[in-house]
Peer 1: 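Please see the structure below; I have some questions.
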Amino acid sequence: MSFLSSIFLVGIIGAGIPVFIHLYNRKKAVTYKFAAIDFIFQSQKRALGGSRLKNLILLALRSLIVAFLAIAVAKPYLIDNAGGVSGLHNSSVIPTSNVFIMDDSFSMSFEIEGNLLFDLAREKAKDMILSFGAIDEVAVLFNSGADSDKLPQLSVDKEFAKIVLDETYLSYTAGNMWKCLESANSILSTSKNDVKRVFIFTDLAKNGWITEAERGENRKLNAKTEYNIDRQTSIHVIDVAGSDKLENICIESVEIDENRDQNGLDISVVAANYSKKEISNAIAKIYIGEKLFAQGFVNMKPGAKATKVFFYKPEGNGPIKCQAEIEPPHDSLAGKLPVDNVYYFIINDRKDVNALIVDGDPGVNIFTSETFYLEKALVAGPQSSYNLKPFVVNAPEFEDAELEKYDLVALCNVESLSDSKIYELERYLVKGGAVLFTLGDKVKTEYYNDSLYKILPAGLRNVNAMDATSSANKIGGAGRGVGQAFSVASFKKPEESNIFYDIFSSIGKDDLNQIEVYRIFQVEPESAVGAKPNAIRGMSSVILSYSNNLPSIIARKHGLGRVAMFTSTIDREWNNITVRPIFLPLVQEICRGLTSKSYFDEYETNIAVNSARNFPAYFFSGLVKQDIGAGRIIRPDRKTEMLRGYSAESKGGIVYTNVDLPGVFTLEDKTKPDLKQPVFAANVETRKESNPARIEKEALTKLLGENVVSFVSDVDGSGLLYGTGIKRGLWGVALFLVLCFFCAEAVILRFR
């Protein structure tokens, strides 16, 4: 027998109070010999014999009333082990159904005395399985969701259950115990056995329970009604962490920002301290490629975060995999969970940006050239971390250019390209190149929509004079007949979140009003794509608009590269932008964004472990050979995996789901092993699992209700754990006996 509130058993001492009162009030009579009434005394002795018996019974009843009242308040209960129930310490005759829930979230990789918590849990679970009889049924679930299909149903095959446990390793994801309990209840509902038990092997990390318990507006979860846990199912929680205090520090995130003042990148490492102690002199490190780049000390207060910023000067290595690490002090217990001490990321490590500018309409006068202003804008002014180097060619020369040598290709009013060059341009984009289209009178709508639809950010419509919101102005200028009326428009000032916001904020209102755009190419809306069905692909973004809300700069992602289009000219034929102060910073920002892999980007390079990575079909239209199985992923453990399910005609692309460990994943073409590209980095979800705070047993008992039978840290030391697991409350019986004692006392006093 056990008690829920054993402290109240102290009240049993009160059972001696009636005895003490009886003894205290008992007076010893003085005897006087008097022969005349001796006969009367003899008669009284015979009457007192029965009275003493009643008094003793009353004394015993009153003592029992106090004792059993204290026992009732202490809430006694029994765990029913009768009937020869299967399990350790019993000779089995009654079959049982048992579901093992293994906590395999990455918080179980805490090290205690050189052993991982998960390894301790696995060994205890295997020992328990060995104790079961041949008729006992076992199912094994994992709260991360991984490997749950290995033994998701009851089976009497204990050896297979052991194999499942032996072949299962820690996941790198957060767990959800509530979903496991729901699955366990569903599994046990199929069993005809009367004895049903759930054994949970866990470190009692709060996250695994609170994720669902506090969903919505911190609403408490009613486990019995929402998950419909059978009242006859007993739940046994095996706390493998025991009384050990778990402390942890981790790297929560890495943020990369361009430092234009110093011509480089700021890499900010955000560390978190999930312990109750101050962490001093933890070492944060940055690895670029395989080499240690920099390190520095980090101090964190209890429960706080700290940021360490490292400056990196690009060296021209292209996209490169990197990682940040944090090393706790040697005397700290907070380093016992190493999996979240590393954070993986990808940076575009470029020093010089070579820009190939294609002049589609060369002129005798350089001031009317399509590329004169663009070339000057790329080399003028303060240099950013990307040193732009322009190279100008005409359209025929472009046919022989090797695109791999350039980071940016600007096609300025180019009339047409050969089919082979268009295909080469597509491959160049998919492999990570950048293309900028600027338009003009040489551009033919039908040709662009038919031949370049795969890479255009939007389908083109006719050239129209600007339909300004203000009245038309009678202005003379280049490209217009003197005295001819034209409507003009300026730029619409972007919102604060726009990448061009700072540029427009630095330009005065008068300068902005002096910008005049006379003509543009209108583009097809997404609902009317035009000549080809994929001209916009639903992925284009309007980066900048004119004052009449028509698109000015449109951009989108294509494979690993980016493509943008300016809907007017880059010379003075259709606008006066090239001679306004905004032109230089605007052009540099566009080129910087296209080549830095930080703007116009809809391609996520950082995802959580156990997430899926979607590769659109056009992602492979140049990076890998156009047949099944040509592309493959190099995983962080250096194993390779073929990408399947795509073809040259595929429109849906493929979804890569085997992101089961942290690290950088690289895509390569097996026909060209030298063509490799880091495509994304996967990291553990530190905000969910790195906090080792434990849920209190009392709180968990309230959530699980009367189904909870026991919390133990030593499986072998708890014989009660292996009974039927049905808690038999005895405090009602104790209160009933108290009532009976009161009634008996009343009856005795009535007939005394």
Side-chain angles (χ1 to χ4, degrees), residues 258 355 373-374 377-378 381 384 388 408 410-413 434-440 443 455-461 463-470 487-526 536 538-558 562-602:
E258 186 176 0
Y373 299 98
L374 181 59
L378 293 182
S384 70
L388 297 166
L408 171 67
L411 299 172
C412 304
N413 198 15
V435 174
L436 172 64
F437 286 97
T438 67
L439 308 180
V443 172
I455 58 178
L456 279 180
L460 299 180
R461 296 174 67 180
V463 178
N464 288 326
M466 294 298 290
D467 186 13
T469 56
S470 60
S487 297
V488 299
S490 179
F491 280 125
K492 181 179 180 180
K493 194 168 184 178
E495 297 179 355
E496 189 172 354
S497 59
N498 193 287
I499 63 172
F500 299 125
Y501 177 79
D502 291 337
I503 295 175
F504 279 81
S505 298
S506 63
I507 300 297
K509 184 177 181 180
D510 292 338
D511 289 332
L512 191 61
N513 291 335
Q514 291 178 10
I515 295 175
E516 298 176 351
V517 181
Y518 322 121
R519 291 186 178 185
I520 66 166
F521 266 93
Q522 291 188 342
V523 298
E524 292 287 353
E526 189 173 348
I536 293 183
M539 298 179 63
S540 296
S541 300
V542 177
I543 307 300
L544 194 62
S545 299
Y546 298 113
S547 56
N548 58 2
N549 294 322
L550 291 177
S552 173
I553 299 175
I554 307 171
R556 75 173 176 87
K557 187 73 175 57
H558 186 93
R562 293 156 184 77
V563 57
M565 180 170 64
F566 180 52
T567 58
S568 189
T569 62
I570 207 70
D571 56 19
R572 298 171 59 186
E573 288 293 323
W574 292 3
N575 58 70
N576 70 346
I577 300 174
T578 55
V579 294
R580 305 313 308 168
I582 199 174
F583 180 69
L584 187 148
L586 184 65
V587 167
Q588 289 197 348
E589 192 68 24
I590 293 173
C591 296
R592 181 183 297 112
L594 288 172
T595 58
S596 67
K597 295 187 181 295
S598 58
Y599 306 135
F600 314 117
D601 196 356
E602 297 178 3

Peer 1: Rounded to the nearest 0.5 Å, how far does CD1 of Ile543 lie from CZ of Arg556?
Peer 2: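 So the gap between those two atoms works out to 13.0 Å.
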Peer 1: List in chain and number order the residues that pass side chain to side chain contact (heavy atoms under 4.5 Å, CB included) with Pro551, two or more places apart in sequence or in another chain; answer none if no residue qualifies.
Peer 2: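 Pro551 satisfies side chain to side chain contact (heavy atoms under 4.5 Å, CB included) with Val523, Val542, Ile554 only.
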Peer 1: Taking C-beta and beyond as the side chain, do Ile577 and Phe491 meet within less than 4.5 Å on heavy atoms?
Peer 2: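 Yes, their side chains come closer than 4.5 Å.
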Peer 1: Go through the structure and list residues passing side chain to side chain contact (heavy atoms under 4.5 Å, CB included) with Ser568, not counting sequence neighbours.
Peer 2: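 Side chain to side chain contact (heavy atoms under 4.5 Å, CB included) check on Ser568 returns Val517, Ile520, Tyr546, Phe566, Trp574, Asn575.
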Peer 1: Between atom OG1 of Thr578 and atom CZ of Arg572, what is the distance when rounded to the nearest 0.5 Å?
Peer 2: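 Output value for this atom pair is 6.0 Å.
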Peer 1: For the pair Ser490 (side chain) and Ser547 (backbone), establish whether a donor and an acceptor sit closer than 3.5 Å, ignoring hydrogens and angles.
Peer 2: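 Answer holds: no.
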Peer 1: For the CD1 atom of Ile590 and the CG atom of Leu436, what is their distance to the nearest 0.5 Å?
Peer 2: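 These two atoms lie 6.5 Å from each other.
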Peer 1: For the residue pair Val563 and Leu456, establish whether any side-chain heavy-atom pair is separated by less than 4.5 Å.
Peer 2: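 Sidechains of Leu456 and Val563: no contact.
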Peer 1: Could you walk me through whether Leu439 and Val463 satisfy the side-chain contact (heavy atoms from CB on, under 4.5 Å) test, starting with their C-alpha distance in whole Å, then the side-chain angles of each, then the deciding distance to 0.1 Å, before giving a yes or no?
Peer 2: CA-CA 10 Å; Leu439 308 180; Val463 178; over 6 Å; no
Peer 1: Can you give me the closest heavy-atom contact between Phe437 and Leu411, atom names plus distance?
Peer 2: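 Taking Phe437 first and Leu411 second, the nearest heavy atoms are CE2-CD1, 3.4 Å.
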Peer 1: Could you go through the side-chain contact (heavy atoms from CB on, under 4.5 Å) check for Asn576 and Phe583 one step at a time?
Peer 2: CA-CA 9 Å; Asn576 70 346; Phe583 180 69; over 6 Å; no
Peer 1: Within this structure, what is the SG-CG distance for the pair Cys591 and Leu378, rounded to the nearest 0.5 Å?
Peer 2: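 If I round to the nearest 0.5 Å, the distance is 4.5 Å.
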Peer 1: Identify the two heavy atoms, one from Ala377 and one from Leu584, that lie closest to each other, and give their separation to 0.1 Å.
Peer 2: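 Minimum heavy-atom contact is O-CG, 4.0 Å.
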Peer 1: The test is side-chain contact (heavy atoms from CB on, under 4.5 Å); show your working for Asn413 and Thr438 and say whether it passes.
Peer 2: CA-CA 6 Å; Asn413 198 15; Thr438 67; 5.5 Å; no
Peer 1: Residues in side chain to side chain contact (heavy atoms under 4.5 Å, CB included) with Asp571, at least two apart?
Peer 2: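 Partners of Asp571 by the side chain to side chain contact (heavy atoms under 4.5 Å, CB included) criterion, ordered by chain and then number, come out as Glu370, Thr569, Glu573.
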Peer 1: Between Thr567 and Leu550, is any pair of side-chain heavy atoms under 4.5 Å apart?
Peer 2: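 No; the side chains remain at least 4.5 Å from each other.
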Peer 1: Minimum heavy-atom separation for Arg580 and Ile515, please, with both atom names.
Peer 2: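 Closest pair (atom of Arg580, atom of Ile515, distance): CG-CG1, 3.9 Å.
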Peer 1: Is there a side-chain contact between Leu460 and Met565 in this structure, where contact means two heavy atoms from C-beta onward sitting under 4.5 Å apart?
Peer 2: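 Yes, at least one pair of side-chain atoms sits under 4.5 Å.
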